[in-house]
Novice: 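Got a structure for you, written out below as structure tokens; questions coming shortly.
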Amino acid sequence: MATSGGAVPGGTTPAALTPVGTSTDSERDAEFQEHEKILSPDFLSVDQITEMLAEDVDGVQRKLETFLNFKNIKTCLKEAILLDYYVSGFLWARGMDFSIIQYSQFMTLLDMLLHNLKTLHMSLEDSLKWLGEVMAEIGPSHLQKNEKWNIFDIKQANAIIDYLKISLFQHYKLYEFLFYSTREEIVIGTEPKLNKIKSRDINKNGHEVFTGVS
């Protein structure tokens, strides 16, 4: 094994040794790329988010209905519930006065949680674990590692977790039923709850917030 001084066999000069505790450029690039994959691709583009920020509640709903390509919102309970999920999330984020990148990451987080449930059949316990891992990357605990990756501060991260508890996790079985049941089962099983699906509250900033099915 070659040492830090002299030449190695073949006449080539060894590269300088990397001090212990530091990362090479390639390692940092790889780490950054891995971080970029955490919440990607973006659920909404910057242009879409900007458009919705200029809209009132009804305008946000119309925009998301178009972006999600929901064409049967008045007759399809599944589309109605999912639209409420995304609309209420966006309106809640507006009350938090997020930046564009924070909107993007939060809405992608909402979408990924449903994606994990729908395609991976992720349990509530696994979803909570996944959320913890994601927040460790984009939240305040990642600050000491690389400040530019610290998208949300402690207050915002805690608020996001609290919001997800009441908007998704509290009704997790409903969403499982929504994704795993047949259309007929959904219509029969959830009919008594139709009048509660669009219950709304007004948050502290005066914005209307959907609270979901109770």
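Residues: numbered from 1 along the sequence shown.
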Novice: Checking L128 now: which residues fulfil side chain to side chain contact (heavy atoms under 4.5 Å, CB included) with it, not counting sequence neighbours?
Specialist: L124, F169
Novice: Which heavy atom of Y103 sits nearest to which heavy atom of R94, and what is that distance?
Specialist: OH-CA, 2.9 Å
Novice: Is there a donor-acceptor contact under 3.5 Å from the side chain of Q61 to the main chain of D58?
Specialist: no
Novice: Measuring only between side-chain heavy atoms, which start at C-beta, is D42 closer than 4.5 Å to Q105?
Specialist: yes
Novice: Counting only N and O atoms by type, is there a donor-acceptor contact under 3.5 Å from the side chain of D153 to the main-chain atoms of K155?
Specialist: yes
Novice: What's the spacing between S167 OG and D84 CG if we round to 0.5 Å?
Specialist: 11.5 Å
Novice: The criterion is side-chain hydrogen bond (donor to acceptor under 3.5 Å, both in side chains); which residues satisfy it with E79, sequence neighbours excluded?
Specialist: none
Novice: Going by the rule side chain to side chain contact (heavy atoms under 4.5 Å, CB included), which residues pair with T50 if we only count those two or more places apart in sequence or in a different chain?
Specialist: V46, I100
Novice: Are L64 and F70 side-chain neighbours, meaning at least one heavy-atom pair lies under 4.5 Å?
Specialist: no
Novice: Calculate, to the nearest 0.5 Å, the distance between atoms CD1 and OG belonging to I166 and S88 respectively.
Specialist: 9.0 Å
Novice: Given side chains that start at C-beta, do those of W92 and M96 come closer than 4.5 Å, heavy atoms only?
Specialist: yes
Novice: How long is the span from the CD1 atom in I73 to the CG atom in L83, to the nearest 0.5 Å?
Specialist: 4.0 Å
Novice: Just to verify, what does H115 make a ring-ring contact (aromatic ring centres under 6.0 Å, His included) with, not counting sequence neighbours?
Specialist: none
Novice: So do the side chains of L44 and M52 get within less than 4.5 Å of each other, counting heavy atoms only?
Specialist: yes
Novice: What distance do M112 atom CE and M107 atom CE have between them, rounded to the nearest 0.5 Å?
Specialist: 14.0 Å
Novice: Sub-3.5 Å donor-acceptor pair from the side chain of T108 to the main-chain atoms of F43, do we have one?
Specialist: yes
Novice: For Y85, which residues count as a side-chain hydrogen bond (donor to acceptor under 3.5 Å, both in side chains) partner, sequence neighbours excluded?
Specialist: none
Novice: Taking side chain as C-beta onward, heavy atoms only, is V87 less than 4.5 Å from L91?
Specialist: yes
Novice: Between CZ of F179 and CG of L114, what distance do you get to the nearest 0.5 Å?
Specialist: 4.5 Å
Novice: In chain order, what residues pass the side-chain hydrogen bond (donor to acceptor under 3.5 Å, both in side chains) check against K71, with sequence neighbours excluded?
Specialist: N69
Novice: May I ask whether I101 and F106 are part of the same hydrophobic cluster, defined by side-chain heavy atoms of I, L, V, M, F, W, Y residues being less than 4.5 angstrom apart, directly or through others?
Specialist: no
Novice: Can you find a heavy atom in the side chain of L82 that is under 4.5 Å from one in the side chain of L68?
Specialist: no
Novice: Measuring centre to centre across the rings, with the benzene-like ring taken for any Trp, is F98 within less than 6.0 Å of F152?
Specialist: yes
Novice: Check side chain to side chain contact (heavy atoms under 4.5 Å, CB included) between D126 and all other residues, then give those that pass, not counting sequence neighbours.
Specialist: M122, S123
Novice: Any chance you could lay out the side chain to side chain contact (heavy atoms under 4.5 Å, CB included) test for T66 and K63, step after step, and finish with the verdict?
Specialist: CA-CA 5 Å; T66 299; K63 289 288 185 182; 5.8 Å; no
Novice: Side chain to side chain contact (heavy atoms under 4.5 Å, CB included) between L117 and Y172: does it pass, once the steps are laid out?
Specialist: CA-CA 9 Å; L117 170 58; Y172 205 76; 3.6 Å; yes
Novice: Can you list everything that forms a side chain to side chain contact (heavy atoms under 4.5 Å, CB included) with D47? Sequence neighbours excluded, please.
Specialist: S45
Novice: Using ring centroids (six-membered ring only for Trp), state whether Y86 and F67 fall under 6.0 Å.
Specialist: no
Novice: Can you see whether S127 engages Y175 through a side-chain donor-acceptor pair at a distance of less than 3.5 angstrom?
Specialist: no
Novice: Does V60 reach the side chain of L53, with side-chain heavy atoms less than 4.5 Å apart?
Specialist: no
Novice: With side chains defined as the heavy atoms from C-beta onward, is the minimum distance between I151 and Q102 less than 4.5 Å?
Specialist: yes
Novice: May I ask you to check whether Y180 and H121 place their ring centres under 6.0 Å from each other?
Specialist: yes
Novice: Check for a donor-acceptor pair, side chain of N72 on one end and backbone N or O of T75 on the other, with a separation under 3.5 Å.
Specialist: no
Novice: So, using side-chain hydrogen bond (donor to acceptor under 3.5 Å, both in side chains) as the criterion, who are the partners of E176 when residues are at least two apart?
Specialist: none
Novice: Under the salt bridge (Lys or Arg N to Asp or Glu O under 4.0 Å) test, which residues partner E55, sequence neighbours left out?
Specialist: none
Novice: To the nearest 0.5 Å, what is the distance between CG (L131) and CD1 (I160)?
Specialist: 9.0 Å
